[in-house]
Amino acid sequence: MNKLRALSRDLADRFMVPSEQFDSWAEQVTLTLIWKPAEQGLHMGDMRYRAVIVIARFADSPGRLMALLASWLEVNDPGREDHTLSAPVFEIDQITPDIADIELQLDFIEPLHLAESEDGEINAFGKHWAFVPFDLWVAE
């Protein structure tokens, strides 16, 4: 759930809210198995999940939050339209005219890759494989 971690870190840093006012988690996690050979190993499957980010007592502009989210998605999650991911949903509970609790929900898909390894813990297709973090699979 690298995308959720990265987005959460980015938003928490930008809004500089105390940790007790910020929370994030994943739900509705599914795995689509693909088992497709790739240049450096095996594309095992795609993990799809709903990311939930909550900012309590949010006292900034909702428009700024939306713009920061949109720009983060443009840079860090290109191709969302290829997976027909739904638009982000903002649930806003207005506490006072200037303060609201905000819950942001959006879907992510992250590929899962394996690399052949003699001492790998994953057995498939008569071979041993090791899990490879997605960051190692960035095209150059």
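Under a hydrophobic clustering in which Ile, Leu, Val, Met, Phe, Trp and Tyr are joined whenever their side-chain heavy atoms come within less than 4.5 Å, directly or via other members, Ile34 and Val132 fall into different clusters. Residues Val89 and Val29 do not share a hydrophobic cluster, clusters being chains of Ile/Leu/Val/Met/Phe/Trp/Tyr side chains in contact below 4.5 Å. Side-chain heavy atoms closer than 4.5 Å link hydrophobic residues (I, L, V, M, F, W, Y) into clusters, and following such links, even through other members, never connects Leu104 to Trp25. Connection of Leu68 to Ile92 is established within a shared hydrophobic cluster, with ILVMFWY side chains joined at heavy-atom distances below 4.5 Å, either directly or through further cluster members. Val75 and Leu65 end up in different hydrophobic clusters when Ile, Leu, Val, Met, Phe, Trp and Tyr side chains are linked at under 4.5 Å.
To the nearest 0.5 Å, atoms NZ (Lys3) and CG (Asp107) are separated by 11.0 Å. Met44 contributes atom CE, which lies 4.5 Å from atom CG of Leu112 (distance to the nearest 0.5 angstrom). A distance of 9.0 Å separates CG in Asp60 from CD1 in Ile55, rounded to the nearest 0.5 Å. Between atom CZ of residue Arg50 and atom OG1 of residue Thr30 there is a gap of 11.0 Å, rounded to the nearest 0.5 Å. To the nearest 0.5 Å, atom CG of residue Leu4 and atom CD of residue Glu110 are 8.0 Å apart. Rounding to the nearest 0.5 angstrom, the gap separating the CD1 atom in Ile102 from the CZ atom in Phe15 is 8.0 Å.
Nearest heavy atoms, Ala6 versus Trp72: CB-CZ2, 3.8 Å. Taking every heavy atom of both residues into account, Met47 and Met1 meet most closely at CE-N, 3.7 Å. Minimum heavy-atom separation, Ile122 to Ala130: CD1-C, 4.4 Å.
Side-chain N or O atoms of Arg80 include none that pairs as donor or acceptor with a backbone N or O of Ala87 at under 3.5 Å. Side-chain atoms of Asp101 come within 3.5 Å of backbone atoms of Arg57 as a donor-acceptor pair (strictly under, hydrogens ignored). Checking side-chain atoms of Glu103 against main-chain N and O of Val54 turns up no donor-acceptor pair under 3.5 Å. Of the possible donor and acceptor atoms, none in the side chain of Ser8 sits under 3.5 Å from a partner among the backbone N and O of Arg5. Between the side chain of Glu116 and the main chain of Lys127, no donor-acceptor pair closer than 3.5 Å is present. Although no hydrogens or angles enter the test, the distance criterion places no donor-acceptor pair under 3.5 Å between the side chain of Glu27 and the main chain of Val52.
Between Leu73 and Leu106 the shortest side-chain heavy-atom distance falls below 4.5 Å. A 4.5 Å side-chain heavy-atom check between Asn123 and His128 finds at least one atom pair inside the cut-off. No side-chain heavy atom of Phe58 sits less than 4.5 Å from a side-chain heavy atom of Ile95. The side-chain heavy atoms of Leu69 and Leu7, taken from C-beta on, include a pair separated by under 4.5 Å.
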Next on the checklist: Test side chain to side chain contact (heavy atoms under 4.5 Å, CB included) on Ile109 and Thr32; report intermediate values, then the result.
Outcome noted: CA-CA 10 Å; Ile109 292 180; Thr32 302; over 6 Å; no
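Around the CD atom of Glu20, the shell of radius 6.0 Å holds more than 12 heavy atoms that belong to other residues, nucleotides or ligands. More than 12 heavy-atom neighbours from other residues, nucleotides or ligands sit within 6.0 angstrom of CD on Glu81. Counting non-hydrogen atoms of other residues, nucleotides and ligands closer than 6.0 Å to CD of Glu121 gives a total of 12 or fewer.
Taking the six-membered ring where the residue is Trp, Phe108 and Tyr49 present tilted rings, their angle falling between 30° and 60°.
Judged by distance alone, the side chains of Ser117 and Asp119 do bring a donor and an acceptor atom under 3.5 Å apart.
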